[in-house]
Amino acid sequence: MIYIGCSYATVYLIYMKFRATYDGNHDSFRVEFLVVPVGGLSVLINHDFSPFEILWTFSIYLESVAILPQLFMISKTGEAETITTHYLFCLGLYRALYLFNWIWRYYFEGFFDMIAIVAGVVQTVLYCDFFYLYVTKVLKGKKLSLPA
């Protein structure tokens, strides 16, 4: 219930309270380029061909590439605000820590979920360049700006 409540609160804040901070001029990423391939992949590669399993697989696959629009916007504008970079770093760190969770679960429980592991590795790899910029710039007190 807490997770669902926080999710609704986040959506409310994004679309209502902080709507004026949205920069539509730089947001030109075509979301259908993520949703359609992820939808197709989730129908083709899943554990059990049932509606709930396909939806779960879709959510796992989509989460692994959901950062691409934000990274695209940063690359297009060439910089990001410090609070945005901290937020993105925490999101990436969360997924990177999941890798340790899967190692732990495999070692101690024998649990292995190839879909979740591959999606997590893909997401962590997508973050690697951002992590490097975060450590070399933001942690040194500079604003994140991409090299010219």
Side-chain angles (χ1 to χ4, degrees), residues 1-15 18-19 21-139 144-147:
M1 294 303 292
I2 293 172
Y3 176 77
I4 292 172
C6 288
S7 296
Y8 280 122
T10 302
V11 170
Y12 168 79
L13 290 172
I14 289 170
Y15 287 107
F18 297 110
R19 186 170 185 80
T21 64
Y22 173 69
D23 185 5
N25 295 329
H26 291 105
D27 186 11
S28 61
F29 191 88
R30 307 268 315 260
V31 177
E32 56 271 13
F33 289 144
L34 294 182
V35 174
V36 171
V38 164
L41 188 62
S42 64
V43 169
L44 294 174
I45 302 174
N46 54 59
H47 294 303
D48 179 36
F49 196 75
S50 67
F52 286 117
E53 183 65 29
I54 291 171
L55 290 173
W56 176 82
T57 306
F58 176 79
S59 73
I60 295 297
Y61 291 157
L62 187 60
E63 182 182 13
S64 70
V65 295
I67 191 60
L68 287 175
Q70 186 67 46
L71 294 177
F72 179 79
M73 188 171 220
I74 290 173
S75 70
K76 191 171 182 181
T77 61
E79 62 184 17
E81 294 181 24
T82 304
I83 190 70
T84 304
T85 58
H86 292 320
Y87 173 73
L88 291 175
F89 180 77
C90 288
L91 282 177
L93 185 61
Y94 143 80
R95 183 48 88 177
L97 290 174
Y98 249 97
L99 296 175
F100 293 112
N101 174 55
W102 296 320
I103 293 168
W104 177 271
R105 290 191 69 190
Y106 179 73
Y107 183 74
F108 289 104
E109 300 173 9
F111 180 78
F112 184 79
D113 185 355
M114 184 59 93
I115 289 174
I117 291 172
V118 169
V121 169
V122 166
Q123 185 174 15
T124 304
V125 166
L126 290 175
Y127 271 100
C128 283
D129 186 44
F130 175 78
F131 284 154
Y132 173 76
L133 290 172
Y134 184 84
V135 169
T136 59
K137 295 196 179 212
V138 177
L139 291 182
L144 179 78
S145 59
L146 299 177

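Numbers for residues simply follow the sequence, beginning at 1. Quick note: numbers below take in every heavy atom, side chains included, and nothing from hydrogens, waters or symmetry partners.
Nearest heavy atom pair, residue Phe89 against residue Phe130, reads N-CE2, 3.5 Å. Contact detail for Ala119 and Tyr61: the closest heavy-atom pair is CB-CD2, 4.5 Å. When all heavy atoms of His47 and Ile115 are compared, the pair lying nearest together is NE2-CD1, 3.6 Å. Across all their heavy atoms, Leu126 and Ser64 have their closest contact at CD1-O, 3.5 Å. Tyr127 and Leu88 get closest at one heavy-atom pair: CE2-O, 3.3 Å.
A 6.0 Å sphere centred on OH of Tyr94 holds more than 12 heavy atoms belonging to other residues, nucleotides or ligands. Within 6.0 Å of CZ on Phe108 lie more than 12 heavy atoms contributed by other residues, nucleotides or ligands. Other residues, nucleotides and ligands contribute at most 12 non-hydrogen atoms within 6.0 Å of the CD atom of Glu81.
Under the 6.0 Å cut-off for aromatic ring centres, Phe111 and Tyr106 do not qualify, their centroids lying 6.0 Å or more apart. When ring centroids are compared, Tyr98 and Trp102 come within the 6.0 Å threshold. Between Tyr12 and Tyr8, the ring center distance fails the sub-6.0 Å criterion.
Gln123 places a side-chain N or O within 3.5 Å of a backbone atom of Glu63 that can act as its donor or acceptor partner.
Each of Asn46, Val43, Leu44 was checked for a side-chain contact (heavy atoms from CB on, under 4.5 Å) with Thr57, and the lone residue meeting it is Asn46.
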(message) Apply side-chain contact (heavy atoms from CB on, under 4.5 Å) to residues Ile60 and Trp56 and explain how you reach the verdict.
(response) CA-CA 6 Å; Ile60 295 297; Trp56 176 82; 3.6 Å; yes
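Between Leu34 and Phe29 there is a side-chain heavy-atom pair separated by less than 4.5 Å.
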